[in-house]
Amino acid sequence: MSPSHFKDTMISSFLISNLTQDWVESLRRWHLELFFIPTTVVTLATLLANPVLLICIFASRALRQETRYLLVANTLTADMLFLILNLATVICNAVKAEVPWLVCELITAVTVAAYCCAILTVTLMVVDTYAAVRWPLRYHDFLPPARTHCILVGVWVLSAIYPFTLVILMEVGRGDPHETVAVCLALISLGFIQIEDMIGIHVYFFVAAIICTLLIFYCYIRLYMVTRAHGIWQRRFSRARVTLLAHGVLLLLYFAPGFVFTLELFLFQDTDISQDVRVWVSTVNMCVFMLLPRAFAPYLYGLRYREISDTLVQLLHWHRRLSQTTVS
C-alpha cells in the first residue's frame with residue numbers, strides 16, 4: 001500500500017469513527033433509541049403475517065403457477081429479509097453495540113438489495129397487470145412459471161450486484177479489516193462511498209427510482225385508456241377504482257422512503273445541516289417510513305386477492321378439522 005493511499009485510508013477511518021460517535025451522542029440526547037419499540041412491534045406483526053401468505057401461495061398448485069402470485073411471494077420474501085436486517089440494525093444501534101465495519105457493510109449491501117428487489121418486483125406487478133389486460137390470450141404463453149422464475153432470479157441479481165460490488169471495492173482499499181463502528185447505518189456506509197462515487201450512487205437510487213415510477217405511470221395510463229370503454233370506471237366505488245387506489249397508496253409507501261434516503265445522501269454532504277437533523281430524518285425514515293409499506297402489504301394482498309384469502313380459509317378449516325380429530 002502506498003503512503004498516500006494509507007494516509008487516505010486512515011483519514012477515512014478517523015472520519016467514520018468521529019461521525020458514528022457524534023451520531024450516538026445525538027441518539028442519546030434525543031432518546032431516539034426508543035424508536036426500536038414500535039419498530040419491533042411492527043416488524044414482528046409483519047413477520048407473522050408474511051409467512052402465512054407465503055404458505056397460502058406455495059400450498060396451492062394453482063397459485064404457485066400464476067405469475068402475479070409469484071411476484072407477490074417474491075415481494076413478501078424481500079420484505080421479510082429487509083425487516084429482519086433492519087430490526088437487527090435498529091436493536092444494535094439502540095443498545096450501542098459496536099459492529100465490525102465489514103459486517104456493517106455486508107448488512108448494508110443485503111438490506112439495499114432486499115429493498116431494491118421489493119421495488120423492482122412491485123414495478124413488475126404493475127407491468128404484469130398491464131400485460132394480462134392488454135394481451136389476455138397470449139399472456140400465459142408469454143409468461144409461463146419457468147420464465148417467471150428466471151425473471152425473479154434476474155431481479156435478485158440485478159438488485160444485489162451493485163451494492164456488493166461497492167462492498168468489494170471498499171474492502172480492497174481498506175487498511176484495517178477489524179475496524180468497528182459505534183453505529184451501523186446504510187446512510188453512513190453509502191455516504192462515504194458517495195464521496196468518491198457520487199454519480200454511481202445517485203444513478204443507482206434516484207435514476208432507477210425515476211425509471212420505475214415512469215414505467216408504472218405509463219402502464220396505469222395505458223390500462224385506463226384500454227379499459228375505459230368497458231364501463232368499469234363509471235361507478236364511484238367500483239372494484240377497479242378501489243384496486244387502483246389501494247395499489248397507488250402502496251406504491252407511494254414503497255417509493256417514498258427511497259426518495260427520502262436520496263435526500264439523506266444529499267444532507268450527508270451538506271455541512272450547513274446540523275447533525276441532529278440528519279439523525280432525526282434517518283431515524284424516522286428507517287423506523288417509520290420504511291416499515292409502513294411492509295406492514296400494509298400482507299394485509300392488502302390477503303384481502304385484495306380472493307384466491308389467497310380463500311386458500312387461507314381452507315387451510316384454517318383443515319387445521320381446525322385436524323385439531324378436532326386429534327382431540328377426539
Side-chain angles (χ1 to χ4, degrees), residues 9-47 81-112 114-115 163 167 170 174-195 201 205 256-295:
T9 302
M10 293 301 295
I11 292 174
S12 176
S13 299
F14 179 75
L15 291 174
I16 292 173
S17 178
N18 282 349
L19 178 60
T20 54
Q21 290 294 339
D22 292 343
W23 200 281
V24 170
E25 291 178 4
S26 295
L27 286 173
R28 292 175 179 174
R29 184 167 55 252
W30 292 99
H31 301 290
L32 296 181
E33 65 272 8
L34 295 178
F35 268 97
F36 90 93
I37 298 175
T39 301
T40 303
V41 173
V42 173
T43 299
L44 293 179
T46 308
L47 291 178
L81 179 59
F82 176 89
L83 288 171
I84 292 171
L85 294 176
N86 185 72
L87 179 61
T89 303
V90 170
I91 292 177
C92 288
N93 294 340
V95 300
K96 306 172 185 63
E98 292 199 352
V99 180
W101 182 246
L102 175 59
V103 175
C104 181
E105 287 181 325
L106 290 175
I107 290 176
T108 297
V110 179
T111 303
V112 171
Y115 181 87
V167 170
M170 285 288 287
R174 182 160 301 282
D176 182 11
H178 304 293
E179 179 184 0
T180 60
V181 288
V183 60
C184 179
L185 289 173
L187 172 63
I188 296 176
S189 301
L190 296 177
F192 277 96
I193 298 175
Q194 178 186 226
I195 296 174
I201 293 290
F205 286 106
F259 285 108
V260 174
F261 186 78
T262 303
L263 174 63
E264 291 181 50
L265 290 174
F266 278 112
L267 295 179
F268 188 86
Q269 299 297 319
D270 193 341
T271 56
D272 296 330
I273 302 297
S274 70
Q275 180 77 335
D276 289 341
V277 172
R278 295 193 189 101
V279 173
W280 266 100
V281 173
S282 177
T283 303
V284 172
N285 193 36
M286 184 178 183
C287 298
V288 179
F289 295 153
M290 292 282 188
L291 301 185
L292 287 178
R294 290 157 182 86

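Sequential numbering from 1 along the given sequence is applied to the chain's residues. Below, all heavy atoms of this structure are taken into account, side chains as well, without hydrogens, waters or symmetry copies.
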Subject >> Residue from Val279, Asn93, Val99 passing side chain to side chain contact (heavy atoms under 4.5 Å, CB included) with Val183 >> reply: Asn93
**OP:** Look at the rings of Tyr115 and Phe82 and say which category their plane angle falls in: under 30° parallel, 30 to 60° tilted, over 60° perpendicular.
**Re:** tilted
Original post:
To the nearest 0.5 Å, what is the distance between CG (Leu81) and CG (Asn86)?
Top reply: 11.0 Å
Subject >> Ala295 to Val42 - nearest heavy-atom pair and separation >> reply: CB-CG1, 3.7 Å
Original post:
Is a side-chain donor or acceptor of Thr111 paired with a backbone partner of Ile107 at a separation under 3.5 angstrom?
Top reply: yes
Original post:
Are the sulfur (SG) atoms of Cys184 and Cys92 separated by under 2.5 Å?
Top reply: no
**OP:** State, to 0.1 Å, how close Met290 and Pro257 come at their nearest heavy-atom pair, and which atoms those are.
**Re:** SD-CB, 3.5 Å
Subject >> Euclidean distance, Leu83 CG relative to Thr39 OG1, rounded to 0.5 Å >> reply: 10.0 Å
Original post:
Do Phe261 and Asn285 come close enough that some side-chain heavy atom pair is under 4.5 Å?
Top reply: yes
Original post:
Which heavy atom of Met286 sits nearest a heavy atom of Val90, and at what distance?
Top reply: CE-CG2, 3.6 Å
**OP:** Drop me the distance from Glu264's CD to Leu187's CG, to the nearest 0.5 angstrom.
**Re:** 5.0 Å
Original post:
Is there a side-chain contact between Val181 and Trp23, using heavy atoms and a 4.5 Å cut-off?
Top reply: no
Original post:
Roughly how far, to the nearest 0.5 Å, is the OG atom of Ser282 from the CG atom of Leu263?
Top reply: 11.0 Å
Original post:
Counting heavy atoms not belonging to Phe36, are there more than 12 under 6.0 Å from its CZ?
Top reply: no
Subject >> Arg29 and Asp276, any side-chain heavy atoms less than 4.5 Å apart >> reply: yes
Original post:
Does the side chain of Leu27 come within less than 4.5 Å of Thr283's, by heavy atoms?
Top reply: yes
**OP:** State the CG-CG distance between Asp272 and Leu267, to the nearest 0.5 angstrom.
**Re:** 11.0 Å
Original post:
Does a side-chain heavy-atom distance below 4.5 Å link Gln275 with Glu25?
Top reply: no
Original post:
Could you give the distance from SG (Cys287) to CD1 (Ile37), rounded to the nearest 0.5 Å?
Top reply: 11.0 Å
Original post:
Are any non-hydrogen side-chain atoms of Thr108 and Val167 less than 4.5 angstrom apart?
Top reply: no
